[in-house]
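Remarks on the structure that follows.
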Amino acid sequence: MATELKVKPIRNGTVIDHIKQNRALNILSMLNLPDDETSIMVAINVESPDMQHKDIIKIEGRELSQEEVDKLVLLAPKATLNIIRDYEIVKKSQLQLNDEITDVVECSNPNCITNTNEPIENKFKVVSKEPLLLKCHFCERDMDYEDIESQF
């Protein structure tokens with residue numbers, strides 16, 4: 001007998017779906033959630049026909065900024081972002097990790113020129129999307145998911 005996951009729909013806000021299992025809490029931390037004003041629903045490690053298991057986050061009354069989306073794609077590169085208005089999906093987008101990342105995260109090498117007083121933007125080449133691996137354009141330091149997640 002099949003069971004169904006029933007989660008209350010949100011009137012307005014954002015649904016982040018298809019998050020790799022057990023990463024929802026990292027994403028909430030990056031978004032500075034929970035807070036005293038935002039209603040959030042989180043499903044962790046739920047069955048998924050596409051991914052075996054996944055996480056889902058529903059954020060009532062808030063749409064993500066472009067800066068938040070730029071960070072989100074590093075933590076959940078295969079996630080789907082749904083904008084909800086009046087209980088309807090008005091925009092659905094599959095996050096896409098670009099081949100180059102500029103000024104979203106900092107190089108983990110304390111001796112990198114980007115970590116000095118020089119006015120230089122952080123710039124990384126995406127070496128691998130799964131597992132995530134970035135390479136600093138300046139010092140060539142490799143950064144993996146854990147290095148990136150620790151910045152949020």
Side-chain angles (χ1 to χ4, degrees), residues 7 10-48 50-85 89-152:
V7 180
I10 60 174
R11 168 177 246 136
N12 297 299
T14 304
V15 176
I16 308 167
D17 196 359
H18 302 102
I19 302 167
K20 189 171 182 176
Q21 70 186 51
N22 299 316
R23 291 201 175 162
L25 298 179
N26 296 343
I27 292 167
L28 289 176
S29 176
M30 180 272 294
L31 296 171
N32 296 313
L33 293 172
D35 60 24
D36 292 338
E37 300 169 7
T38 309
S39 178
I40 304 164
M41 288 173 266
V42 180
I44 296 177
N45 206 23
V46 295
E47 288 186 26
S48 165
D50 300 331
M51 303 174 64
Q52 292 186 332
H53 291 89
K54 67 179 181 177
D55 292 358
I56 304 166
I57 300 172
K58 292 185 173 192
I59 306 168
E60 180 77 42
R62 178 171 165 191
E63 294 181 17
L64 302 185
S65 69
Q66 187 59 53
E67 181 181 338
E68 290 170 326
V69 173
D70 291 345
K71 292 177 182 178
L72 176 62
V73 74
L74 292 173
L75 298 179
K78 296 182 179 180
T80 304
L81 192 64
N82 299 303
I83 304 301
I84 312 295
R85 294 189 187 132
I89 297 173
V90 296
K91 183 178 179 187
K92 184 174 190 158
S93 55
Q94 178 70 40
L95 295 182
Q96 294 292 320
L97 185 58
N98 294 328
D99 293 334
E100 218 173 68
I101 306 295
T102 303
D103 233 17
V104 177
V105 291
E106 296 177 0
C107 182
S108 60
N109 177 359
N111 296 320
C112 182
I113 193 166
T114 60
N115 290 322
T116 65
N117 291 331
E118 298 294 325
I120 297 173
E121 290 184 325
N122 287 287
K123 187 174 176 181
F124 297 90
K125 178 182 178 192
V126 177
V127 176
S128 170
K129 294 183 180 185
E130 189 63 42
L132 181 61
L133 185 65
L134 305 180
K135 183 177 287 293
C136 178
H137 175 76
F138 300 100
C139 73
E140 298 190 346
R141 165 79 57 104
D142 287 338
M143 291 180 45
D144 62 13
Y145 178 84
E146 286 75 27
D147 294 324
I148 295 161
E149 185 269 330
S150 71
Q151 294 189 28
F152 304 125

Requested in this report: For Ala24 and Ile44, work out which heavy atoms get closest and say how close.
Outcome: CB-CG1, 4.2 Å
Query raised in the report: For Cys139 and Asn111, what are the C-alpha separation, side-chain angles and deciding distance, and is it a side-chain contact (heavy atoms from CB on, under 4.5 Å)?
Result: CA-CA 8 Å; Cys139 73; Asn111 296 320; over 6 Å; no
Report summary line: Taken to the nearest 0.5 Å, the spacing of Ile10 CD1 from Met41 CE works out to 6.0 Å
Query raised in the report: Taking only residues two or more places apart in sequence, or in another chain, which ones meet Asp144 in a salt bridge (Lys or Arg N to Asp or Glu O under 4.0 Å)?
Result: none
Report task. Quick one: which residue pairs count as a side chain to side chain donor-acceptor pair (under 3.5 Å) with a foot in residues 116-127, not counting sequence neighbours? Result -> Thr114-Asn122
Report summary line: Here the pair of heavy atoms bringing Glu37 nearest to Asp35 is N-OD1, 3.0 Å
Query raised in the report: Quick one: side-chain contact (heavy atoms from CB on, under 4.5 Å) partners of Ser108, sequence neighbours excluded?
Result: Arg141, Met143
Query raised in the report: With no hydrogens and no angle check, is any side-chain donor or acceptor of Thr14 less than 3.5 Å from a backbone partner on Arg62?
Result: yes
Query raised in the report: From Leu72 CG over to Asp70 CG, what is the distance, rounded to the nearest 0.5 angstrom?
Result: 9.5 Å
Query raised in the report: Considering residues at least two apart in sequence or located in another chain, which fulfil the side-chain contact (heavy atoms from CB on, under 4.5 Å) criterion with Lys92?
Result: Thr80, Asn82, Ile89
Query - side-chain contact (heavy atoms from CB on, under 4.5 Å) partners of Glu47, counting only residues at least two apart - result: His53
**Report entry** pair Glu60-Thr38: side-chain heavy atoms closer than 4.5 Å
**Finding:** no
**Report entry** Under 3.5 Å: donor-acceptor pair, side chain of Asp55, backbone of Arg23
**Finding:** yes
Report summary line: Applying side-chain contact (heavy atoms from CB on, under 4.5 Å) to Lys129 and not counting sequence neighbours gives Leu97, Asp99, Val126
Query raised in the report: Residues in side chain to side chain donor-acceptor pair (under 3.5 Å) with Arg85, at least two apart?
Result: Glu63
Report summary line: Rounded to the nearest 0.5 Å, the CG atom of Leu95 sits from the CD1 atom of Ile16 at a distance of 8.0 Å
Requested in this report: State the CD1-CG distance between Ile101 and Leu134, to the nearest 0.5 angstrom.
Outcome: 6.5 Å
Query - Pairwise distance CG(Leu132) to CG(Leu75) - rounded to 0.5 angstrom - result: 8.5 Å
Query raised in the report: Do Lys78 and His18 come within less than 4.5 Å of each other through their side chains, counting heavy atoms only?
Result: no
Report summary line: Rounded to the nearest 0.5 Å, the CG atom of Asp17 sits from the NZ atom of Lys58 at a distance of 9.0 Å
**Report entry** Residue list, salt bridge (Lys or Arg N to Asp or Glu O under 4.0 Å) with Glu140, at least two apart or on another chain
**Finding:** none
Query raised in the report: Is it true that a side-chain atom of Glu100 and a backbone atom of Phe124 form a donor plus acceptor pair closer than 3.5 Å?
Result: no
Report summary line: Hits for salt bridge (Lys or Arg N to Asp or Glu O under 4.0 Å) against Glu106, two or more places apart or cross-chain, chain-then-number order -> none
Query - Residues, nucleotides or ligands: over 12 heavy atoms within 6.0 Å of Glu67 CD - result: no
Report task. Under the side chain to side chain donor-acceptor pair (under 3.5 Å) rule, collect the residues that match up with Asp142, sequence neighbours excluded. Result -> Lys135
Sequence neighbours excluded and cut-off under 3.5 Å, please list the side-chain donor-acceptor pairs for residues 25-33, or say none.
from  : atom 1 : to     : atom 2 : distance (Å)
Asn26 : ND2    : Tyr145 : OH     : 3.0
Ser29 : OG     : Phe152 : O      : 3.4

Query - Closest contact, heavy atoms only, Ile84 versus Arg11 - result: CG2-O, 3.6 Å
Query raised in the report: For Lys20, which residues count as a salt bridge (Lys or Arg N to Asp or Glu O under 4.0 Å) partner, sequence neighbours excluded?
Result: Glu130
Requested in this report: Give the minimum heavy-atom separation between Cys107 and Asn115, together with the two atoms involved.
Outcome: O-ND2, 3.0 Å
